[in-house]
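Protein chains get the first letters and strands the later ones, always in sequence-line order, with residue 1 at the start of each.
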Protein chains: 2
Amino acid sequence: MSLYTIAQASEEVDLTPYTLRYYEKEGLLPNVTKDSAGRRKYHDDDLQRIGFIKCLKGTGMSLKQIKEYGDLYEQGKAKFKERNAMLEEHREKILQEIKTQKKYLKMVEAKIEMKI
Amino acid sequence: MSLYTIAQASEEVDLTPYTLRYYEKEGLLPNVTKDSAGRRKYHDDDLQRIGFIKCLKGTGMSLKQIKEYGDLYEQGKAKFKERNAMLEEHREKILQEIKTQKKYLKMVEAKIEMKI
DNA sequence: TCTTGACTTAGAGTTAACTTTAACTGTTAG
DNA sequence: CTAACAGTTAAAGTTAACTCTAAGTCAAGA
């Protein structure tokens with residue numbers, strides 16, 4: 001049940017404090033609390049959530065869509081189906097993207113071997 | 001030795017005419033010619049080049065770096081080493097990126113299977 | 001000849017995702 | 001007590017990569 005300041009959370013998830021505040025403003029982190037002085041306190045759950053946001057973002061999902069997913073997540077079991085459909089669609093997109101990357105890798109390697 | 005109008009080239013490489021003009025303005029397509037009326041004529045070589053630009057861009061290289069690579073390419077054999085070094089470095093980046101994508105894929109799949 | 005349509009240019013506008021600034025506040029070390 | 005520090009906010013600024021607009025040109029068909 002450890003707590004993190006924004007500086008510590010920033011270090012932990014490798015995002016700047018600016019970005020963390022920005023994500024919160026955009027509604028991606030609805031559960032970050034504040035201490036009596038108004039300073040953000042990040043819980044392990046928040047860090048987990050940020051980790052998954054980085055996963056979705058790193059695989060090309062826009063923050064807007066990530067928020068949609070997060071909003072469904074907040075609505076719990078009721079929206080489970082919808083939410084999982086999003087992930088399954090995204091899974092296909094990642095698979096497709098890996099294929100494309102492999103194709104591009106071959107193109108770059110071919111160009112390297114061309115030696116011209 | 002076929003020639004393409006901007007509309008045809010656009011169709012062929014799946015980029016809008018706006019984007020093709022933009023790439024040219026940025027110096028990424030130094031060999032596109034014009035007809036007597038001032039209209040762009042794309043050669044097969046240009047389309048090949050655009051194809052490789054899409055490959056580099058699709059694997060995360062910025063247009064700025066792509067231009068650097070293209071500029072080296074224009075200088076021919078003299079810059080071969082430098083140019084190939086760029087590609088080899090980029091190759092590593094793609095390999096790393098594919099690894100990351102696979103890791104993220106597993107995370108998404110785990111979340112799908114979690115069923116909560 | 002007129003008009004339609006596909007092009008041209010320079011430059012302005014857009015979007016996503018940050019990133020920074022300015023002004024301020026509360027906590028802590030000396 | 002006070003200075004330094006780490007945080008706060010709203011809002012402005014930045015960057016990359018387009019994307020569009022306005023005004024104009026040119027060639028081809030009715």
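In this structure, the separation between CG on Leu95(A) and CZ on Arg91(A) is 5.0 Å, given to the nearest 0.5 Å.
For Lys41(A), the NZ atom is densely surrounded, since the number of other residues' heavy atoms within 6.0 Å is greater than 12.
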Contact state string [nucleotides 6-16 of chain C, B base, S sugar-phosphate only, - no protein heavy atom under 4.0 Å]: -SBB-------
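Every pair passing salt bridge (Lys or Arg N to Asp or Glu O under 4.0 Å) that includes a residue from residues 49-74 of chain A is listed here, sequence neighbours excluded: Arg49(A)-Glu74(A), Lys67(A)-Asp71(A). Residue pairs meeting the salt bridge (Lys or Arg N to Asp or Glu O under 4.0 Å) criterion with at least one partner in residues 10-19 of chain B, sequence neighbours excluded, do not occur; the list is empty.
Under the 3.5 Å distance criterion, with hydrogens and angles disregarded, no donor-acceptor pair is assigned to the side chains of Gln96(A) and Glu92(A).
A sub-4.0 Å separation between OP1 or OP2 of dA17(C) and a side-chain N or O of Tyr23(A) is absent.
Taking atom CG of residue Leu29(B) and atom C1' of nucleotide dA17(D), one finds them 15 Å apart after rounding to whole Å. Spacing between atom CD1 of Ile66(B) and atom C1' of dC18(D) amounts to 14 Å, rounded to whole angstrom units. The separation between Tyr4(A) atom OH and dG7(D) atom P is 15 Å, rounded to whole Å. One atom, CG of Leu20(A), and another, C1' of dT8(D), lie 14 Å apart when rounded to the nearest Å.
Looking at residues two or more places apart in sequence or on another chain, you find a side chain to side chain contact (heavy atoms under 4.5 Å, CB included) between Lys102(A) and Ile98(A), Ile98(B), Lys102(B).
Residues from residues 45-59 of chain A lying near DNA chain C, meaning a heavy-atom separation below 4.0 Å, are Lys57(A) in numerical order.
Side-chain contact between Asn31(B) and Asp45(B): absent, with no pair of heavy atoms (C-beta onward) separated by less than 4.5 Å.
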Under 3.5 Å, sequence neighbours excluded: what are the donor-acceptor pairs made by side chains of residues 19-26 of chain A?
from	atom 1	to	atom 2	distance (Å)
Thr19(A)	OG1	Thr16(A)	OG1	2.9
Glu24(A)	OE1	Arg40(A)	NE	2.6

